[in-house]
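Take a look at the structure set out below.
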Amino acid sequence: MYPESPAARGEAAAVPLRRRGEALESAIFEATLHQLTTVGYARLTMEGVAACAQTGKAALYRRWPSKEALVMDALRACLPPARTAPDTGSLRGDLIELVTRMRTAMFSETGAAVRAIMNELDHQRAHAFLEIVVARVVEPTTRLIAEVLARGELRGEVRPESVTPLVTDVVPALMIYRIKMGCGVLGQPDAEAIVDEVLLPIVQLP
């Protein structure tokens, strides 16, 4: 069970701070993620986020008509942007770097907020939030994995025609499965094991 926040208990909010524009929006998004990880999605309220961000609730309602819209924008703003493929000089090194990036995203505060949503909502209600995660984290990761594997194929490190959408889906699917099954935090040894024990045996030449 999530602990009660001061806002959830009806305690007085701090005196609102004077912020505008991006500074205020950033504070609201940070407060939204904090509320998701402390009180959960079901108990998150616009009033609670406003109190956490030390602003008036009118500042939220001017921008977002509902908490669903607020949470979606907070996820879009705070999930990591897509980056270019790493080039460590080796296929294994590049793949470990990509898996590590995804692990970092999953276990950041934003990742914890996403897990809170997924754990509380059924698949149908969580679908809109899941689409944001797929677009901002999963799809960029699989695209970069495909790029790294294609580069490895040109160097003769990867079996020709082994780079398929199913193969590039292996890493995020496995990581999401392990998190969903309650296997705990995926550490760096787990990232390396996913590459060494799962992905490389599928694509490397015998």
Original post:
What heavy-atom pair brings Leu91 and Arg155 nearest, and what distance separates the two atoms?
Top reply: N-NH2, 3.5 Å
Original post:
Which pairs count as salt bridge (Lys or Arg N to Asp or Glu O under 4.0 Å) when at least one residue sits in residues 144-153, sequence neighbours excluded?
Top reply: Asp94-Arg151
**OP:** Would you confirm whether Glu120, through its side chain, and Tyr41, through its main-chain N or O, come within 3.5 Å as a donor-acceptor pair?
**Re:** yes
Subject >> Backbone N/O of Ala23 and side chain of Ser26: donor-acceptor pair under 3.5 Å >> reply: no
**OP:** Would you indicate whether the side-chain heavy atoms of Ile176 and Val138 approach each other to under 4.5 Å?
**Re:** yes
Original post:
Leu36 and Ala116: which non-hydrogen atoms are nearest, and at how many Å?
Top reply: O-CB, 3.5 Å
Original post:
Can you name the closest pair of heavy atoms from Arg83 and Leu144 and give their distance?
Top reply: O-CD1, 3.1 Å
Original post:
How far apart are the closest heavy atoms of Thr32 and Leu44, and which atoms are they?
Top reply: O-CD1, 3.7 Å
Original post:
Closest approach of Ala53 and Ala27, non-hydrogen atoms and distance?
Top reply: CB-O, 3.8 Å
Original post:
Tell me, do Leu98 and Pro86 make a side-chain contact under 4.5 Å, heavy atoms counted?
Top reply: yes
Subject >> Ile145, Ile194, Val198 screened by side chain to side chain contact (heavy atoms under 4.5 Å, CB included) with Val170, the one that passes >> reply: Val198
Original post:
Distance from Thr110 atom OG1 to Leu33 atom CG, nearest 0.5 Å?
Top reply: 4.5 Å
Subject >> Backbone N/O of Cys78 and side chain of Arg136: donor-acceptor pair under 3.5 Å >> reply: no
**OP:** Please check if any side-chain donor atom of Glu131 sits under 3.5 Å from a side-chain acceptor atom of His127, or the reverse.
**Re:** yes
Subject >> Between CD on residue Glu197 and CD1 on residue Ile202, distance to nearest 0.5 Å >> reply: 12.0 Å
**OP:** List the steps and the verdict of side-chain contact (heavy atoms from CB on, under 4.5 Å) for Val49 and Lys57.
**Re:** CA-CA 8 Å; Val49 171; Lys57 64 182 180 180; over 6 Å; no
**OP:** Assess the side chains of Arg103 and Gln188: does a donor N or O sit below 3.5 Å from an acceptor N or O?
**Re:** yes
**OP:** Step by step, work out the side-chain contact (heavy atoms from CB on, under 4.5 Å) result for Val99 and Met175.
**Re:** CA-CA 9 Å; Val99 175; Met175 296 179 75; 4.0 Å; yes
Subject >> Positive for side chain to side chain contact (heavy atoms under 4.5 Å, CB included) with Val167, one of Leu149, Val158, Thr142 >> reply: Leu149
Subject >> CG-CG distance between Leu174 and Asp169, expressed to the nearest 0.5 angstrom >> reply: 12.0 Å
Original post:
Please walk me through it: do Phe29 and Asp73 pass side-chain contact (heavy atoms from CB on, under 4.5 Å)?
Top reply: CA-CA 8 Å; Phe29 288 156; Asp73 275 359; 3.9 Å; yes
Original post:
Are side-chain heavy atoms of Leu70 and Ile28 found at a separation under 4.5 Å?
Top reply: yes
Original post:
Any sub-3.5 Å donor-acceptor pair from Arg43's side-chain atoms to Gln35's backbone N or O?
Top reply: no
**OP:** Drop me the distance from Arg101's CZ to Thr141's OG1, to the nearest 0.5 angstrom.
**Re:** 8.5 Å
Original post:
side-chain contact (heavy atoms from CB on, under 4.5 Å) between Arg63 and Leu24: does it pass, once the steps are laid out?
Top reply: CA-CA 11 Å; Arg63 294 166 171 80; Leu24 176 58; 3.4 Å; yes
Original post:
So which heavy atom on Glu192 is nearest to which on Arg92, and how close?
Top reply: OE1-NH2, 4.0 Å
**OP:** State, with a plain yes or no, whether a side-chain heavy atom of Trp64 is found less than 4.5 Å away from one of Met72.
**Re:** no
**OP:** Report yes if some heavy atom in the side chain of Val137 is under 4.5 Å from a heavy atom in the side chain of Val114; otherwise report no.
**Re:** no
